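Okay, so here's the structure we're looking at.
Please read these numbers as outputs of a predicted model, since none were measured by experiment. In what follows, residues are counted from 1 in the order of the sequence shown.
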Amino acid sequence: MIEEQVSIKVGQEIKGKTWGVTEQFLQVHDIVLVNGQPKIERIDTDKADGTIIAYVPVKDEPFYFAVYFDNKESLNIAGIGTESYNSVYFRATSDKLTFDELTSLTTIKSTGGWDKGQKRKLGTGIYEFSSINIEPNPEPDEFEDKMKKLLDLLEQDNEGIKKLGDRADGQIQVAIKFHNGNTMLGGPHLDKEIIRRLSDLNLSVDFDLYADGNLFKED
């Protein structure tokens, strides 16, 4: 029921452009449509404060048009914006250990990886090191939520993750692709609790930040 109501209200907003930011955004970008209606990649109903977020993919871009609703009861639109493409995952690499040897060091199931000497999936050549990846939620979500969900998973095998850090190059990888609407990109925030949890796992974080899309038109 919520999904249907959210879908209807997102469609009405994109058609009616009652929020100025909607009109501003649609002047420079197109959203993805399915049968003439906005495609909704994900509806996030997990927020502690009851806020609901609908993520709408943008044509030929990695980031999302985001519609924020106040709560499940009223489903009033509380805000419009964009959400970056956020990829947050753990990766361990080694030029000595195989993929199977890396996976054997933790009880957490990997979500991807390869063996040293395996042919690259993209381009030519072979991988010069083995790798395992652990990414619990590749779907659209805010950076802070993705980081917390990843840490929740990694903490289920604290010792195994530490082994991967000691015997291989294990760290958290973050890739963020912002909408460069007005050159004010903002950036990820690591609060004290996240930093403490990273320290307990003995993990570092590597950030790759990108700016994509078209600038807003000036008035």
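L209 and F63 are assigned to two separate hydrophobic clusters, defined by single-linkage of ILVMFWY side chains at heavy-atom distances under 4.5 Å. Under a hydrophobic clustering in which Ile, Leu, Val, Met, Phe, Trp and Tyr are joined whenever their side-chain heavy atoms come within less than 4.5 Å, directly or via other members, I77 and Y64 fall into different clusters. Hydrophobic clustering (ILVMFWY, side-chain heavy atoms < 4.5 Å, transitive): I80 and I8 are in distinct clusters.
One N or O on the side chain of S94 and one on the backbone of K96 form a donor-acceptor pair closer than 3.5 Å. Checked by atom type and distance alone, the side chain of D115 never pairs as donor or acceptor with a backbone atom of Q118 at under 3.5 Å. With S199 contributing its side chain and I195 its backbone, the two residues share no donor-acceptor pair below 3.5 Å. Between the side chain of E13 and the backbone N or O of W19, at least one donor-acceptor pair lies under 3.5 Å. Judged by distance alone, the side chain of D44 and the main-chain N or O of I52 form no donor-acceptor pair under 3.5 Å. Between the K9 side chain and the L75 main chain, a donor and an acceptor come within less than 3.5 Å of each other. Not one N or O on the side chain of N180 forms a donor-acceptor pair closer than 3.5 Å with the backbone of G213. Between the side chain of S110 and the main chain of I132, no donor-acceptor pair closer than 3.5 Å is present.
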Exercise for the section: With side-chain hydrogen bond (donor to acceptor under 3.5 Å, both in side chains) as the test, would you mind laying out the steps for D157 and T106 before giving the verdict? Expected result: CA-CA 7 Å; D157 184 20; T106 178; 2.7 Å; yes
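V6 places a side-chain heavy atom less than 4.5 Å from the side chain of F69. Taking 4.5 Å as the limit, some side-chain heavy atom of I53 sits within range of a side-chain heavy atom of K47. When side chains are defined from C-beta on, E135 counts as touching S87, because their heavy atoms get closer than 4.5 Å. Put simply, the side chain of D212 does not reach to within 4.5 Å of the side chain of F178, judged on heavy atoms. The side-chain heavy atoms of I31 and K59, taken from C-beta on, include no pair separated by under 4.5 Å. Side-chain contact between S130 and L102 is present, with at least one heavy-atom pair separated by less than 4.5 Å.
At a threshold of 4.0 Å, the pair K149-D141 counts as salt-bridged, since one of the basic side-chain nitrogens sits closer than that to a carboxylate oxygen. Between E155 and R197, at least one side-chain nitrogen of the basic residue sits less than 4.0 Å from a carboxylate oxygen of the acidic one, meeting the salt-bridge criterion. Between E41 and K39 there is a salt bridge, since at least one side-chain N of the basic residue sits less than 4.0 Å from a carboxylate O of the acidic one. In this structure, E139 does not pair ionically with K146, as no charged nitrogen and carboxylate oxygen lie closer than 4.0 Å.
Using cut-offs of 30° and 60° on the angle between ring planes, the pair H179 and H29 is perpendicular. The aromatic rings of F129 and W114 are tilted relative to each other, their planes meeting at an angle between 30° and 60°.
Here the shortest heavy-atom pairing between L105 and E101 reads CG-O, 3.4 Å. Shortest non-hydrogen contact noted between V58 and F65 is CG2-N, 3.7 Å.
The CG atom of L198 sits 5.5 Å away from atom CE of M147, with the distance rounded to the nearest 0.5 Å. One finds the CD1 atom of I176 at 5.5 Å from the CZ atom of F143 (value rounded to the nearest 0.5 Å). Atom OG1 of T103 sits about 5.0 Å away from atom CG of D100, to the nearest 0.5 Å. For the atom pair CZ of R42 and OH of Y55, the computed distance is 6.0 Å after rounding to the nearest 0.5 Å.
Environment of CG in N202: sparse, with no more than 12 heavy atoms of neighbouring residues, nucleotides or ligands closer than 6.0 Å. Atom CD of E4 has 12 or fewer heavy atoms from other residues, nucleotides or ligands within 6.0 Å.
Annotation: cation-pi pair K177/Y210 present, NZ/CZ under 6.0 Å from the ring centroid and within 45° of its normal.
Of the N and O atoms on the side chains of D49 and T51, at least one donor lies less than 3.5 Å from an acceptor on the other residue.
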